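A short worksheet on the structure shown next.
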Amino acid sequence: MSVPSHLSVARRRNPIQERGERRVAALLDSAAAVIAKSGYEAATMSEIAGRAGASIGSLYQFFPNKESLAEELRAEYCRELQLRWEPLKRDVQNLNLRELVDHLINIMVGFYEDHPAFLRLLDAPISPGRFSARLRFREQLTDLFTQRKPRMPRQKAHRLAVVTQQIMRALRVVYAESKPAERPYFVQEFKTLLLCYFRARTKAPALEGRGLK
């Protein structure tokens, strides 16, 4: 999928020394804290640099704009999310549908709680990395479904992954917009939604002839 040129993001300079790596990590930590507190739109490069104890020039040395910071944060979060999903590959064949749903959504909710900036990045511009991360997550879900049911056609597993991913994206939006006291109720609603979907798609042979197989 091509990305419009006006959505492209300047890529950060790669640090070539260990000191540079530590500085980039500190800047990203600072950006996450500021964005989690103030939101993406309100966060400023000056505030991010100040929180990291760095000069604004040092920040711009590695991240030429706020969009590049958001892109790198997203990349870091996607890498961590992929690691959190990995243990499911080992256990998925032993999980019933309700347990699978609990694991899928609990992983996401736990990640939201550990990384509040992830929710606030909903307001950040779309970047090329966001599309590729979405595709990797979809493939990871597809692999998970085929591993749980080896006889499931890859095409059907892919469709399950697409719909599951969209449900997860909706959960992220609702979770971000809800008050903390309301979030557990919405989480349970989304678990019910995903469980009903899985049950309908895994035990509805009468629907197979109507293009839903």
Side-chain angles (χ1 to χ4, degrees), residues 25-53 59 63 66-88 91-92 95-127 129-131 133-134 136-138 140-141 144 160-199:
L27 292 169
L28 287 173
D29 286 345
S30 176
V34 171
I35 291 171
K37 175 187 174 184
S38 305
Y40 174 79
E41 292 294 340
T44 66
M45 296 290 274
S46 295
E47 185 180 4
I48 290 168
R51 186 181 180 94
L59 176 58
F63 300 98
K66 192 166 63 171
E67 289 84 357
S68 62
L69 262 172
E71 182 179 9
E72 186 65 18
L73 272 177
R74 281 200 188 109
E76 292 283 343
Y77 289 156
C78 287
R79 285 190 286 269
E80 183 175 335
L81 259 176
Q82 285 183 302
L83 291 176
R84 292 196 184 200
W85 286 95
E86 282 301 311
L88 269 180
D91 304 325
V92 69
L95 300 176
N96 60 40
L97 286 179
R98 184 179 294 277
E99 291 169 337
L100 176 60
V101 166
D102 283 342
H103 278 74
L104 289 172
I105 290 186
N106 288 345
I107 287 172
M108 297 305 299
V109 171
F111 191 83
Y112 300 158
E113 291 296 321
D114 291 343
H115 302 286
F118 183 70
L119 297 174
R120 307 304 294 270
L121 285 172
L122 283 168
D123 296 329
I126 296 173
S127 65
R130 190 169 177 178
F131 288 113
R134 190 177 301 170
R136 288 195 301 272
F137 178 44
R138 189 175 299 170
Q140 198 170 18
L141 283 172
L144 194 67
L160 286 171
V162 170
V163 175
T164 301
Q165 187 177 34
Q166 293 302 319
I167 291 173
M168 295 291 192
R169 289 178 66 192
L171 170 63
R172 181 183 173 189
V173 173
V174 172
Y175 200 89
E177 294 177 349
S178 302
K179 297 177 180 179
E182 297 174 332
R183 288 172 173 174
Y185 299 101
F186 284 116
V187 167
Q188 190 55 50
E189 292 297 303
F190 274 89
K191 285 184 177 181
T192 300
L193 172 63
L194 191 56
L195 180 59
C196 289
Y197 171 66
F198 282 166
R199 283 176 172 169

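A quick note: this is a predicted structure, and the numbers were derived from the prediction, not measured.
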Atom [atom1] in [X], atom [atom2] in [Y]: separation rounded to 0.5 Å?
{"X": "Phe198", "Y": "Thr164", "atom1": "CZ", "atom2": "OG1", "result": "3.5 Å"}
{"X": "Ile35", "Y": "Lys66", "atom1": "CD1", "atom2": "NZ", "result": "7.5 Å"}
{"X": "Glu71", "Y": "Leu121", "atom1": "CD", "atom2": "CG", "result": "11.5 Å"}
{"X": "Ile107", "Y": "Leu83", "atom1": "CD1", "atom2": "CG", "result": "11.5 Å"}

Check: [Y] and [X] side chains under 4.5 Å, non-hydrogen atoms:
{"X": "Leu95", "Y": "Asp102", "answer": "no"}
{"X": "Leu104", "Y": "Leu144", "answer": "yes"}
{"X": "Gln140", "Y": "Gln82", "answer": "yes"}
{"X": "Leu193", "Y": "Leu171", "answer": "no"}
{"X": "Gln165", "Y": "Met168", "answer": "no"}
{"X": "Glu182", "Y": "Glu177", "answer": "no"}
{"X": "Glu67", "Y": "Tyr40", "answer": "yes"}
{"X": "Leu81", "Y": "Phe137", "answer": "no"}

Output, in order, the C-alpha distance, side-chain angles, deciding distance and verdict of side-chain contact (heavy atoms from CB on, under 4.5 Å) for Arg169 and Met108. CA-CA 10 Å; Arg169 289 178 66 192; Met108 297 305 299; over 6 Å; no
Could you check Leu73 against His115 for side-chain contact (heavy atoms from CB on, under 4.5 Å), going step by step and ending with a plain yes or no? CA-CA 10 Å; Leu73 272 177; His115 302 286; over 6 Å; no
Minimum heavy-atom separation for [X] and [Y], please, with both atom names.
{"X": "Leu122", "Y": "Ala176", "result": "CD1-CB, 3.9 Å"}
{"X": "Cys78", "Y": "Arg136", "result": "CB-NH2, 4.4 Å"}
{"X": "Ala52", "Y": "Ala26", "result": "CB-O, 4.0 Å"}
{"X": "Ala36", "Y": "Ala117", "result": "CB-N, 3.8 Å"}
{"X": "Phe63", "Y": "Glu72", "result": "CE2-CB, 3.8 Å"}
{"X": "Arg138", "Y": "Ala161", "result": "O-CB, 3.5 Å"}

Parallel, tilted or perpendicular: which describes the rings of Phe118 and Tyr77, with under 30° parallel and over 60° perpendicular? perpendicular
Does the pair Arg51/Glu47 count as a salt bridge with the N-to-O cut at 4.0 Å? no
Which residue, Leu195, Ile105, Val109, forms the side-chain contact (heavy atoms from CB on, under 4.5 Å) with Phe190? Ile105
Looking at Arg79, I want to see if its CZ is surrounded by more than 12 non-hydrogen atoms of other residues, nucleotides or ligands under 6.0 Å. yes
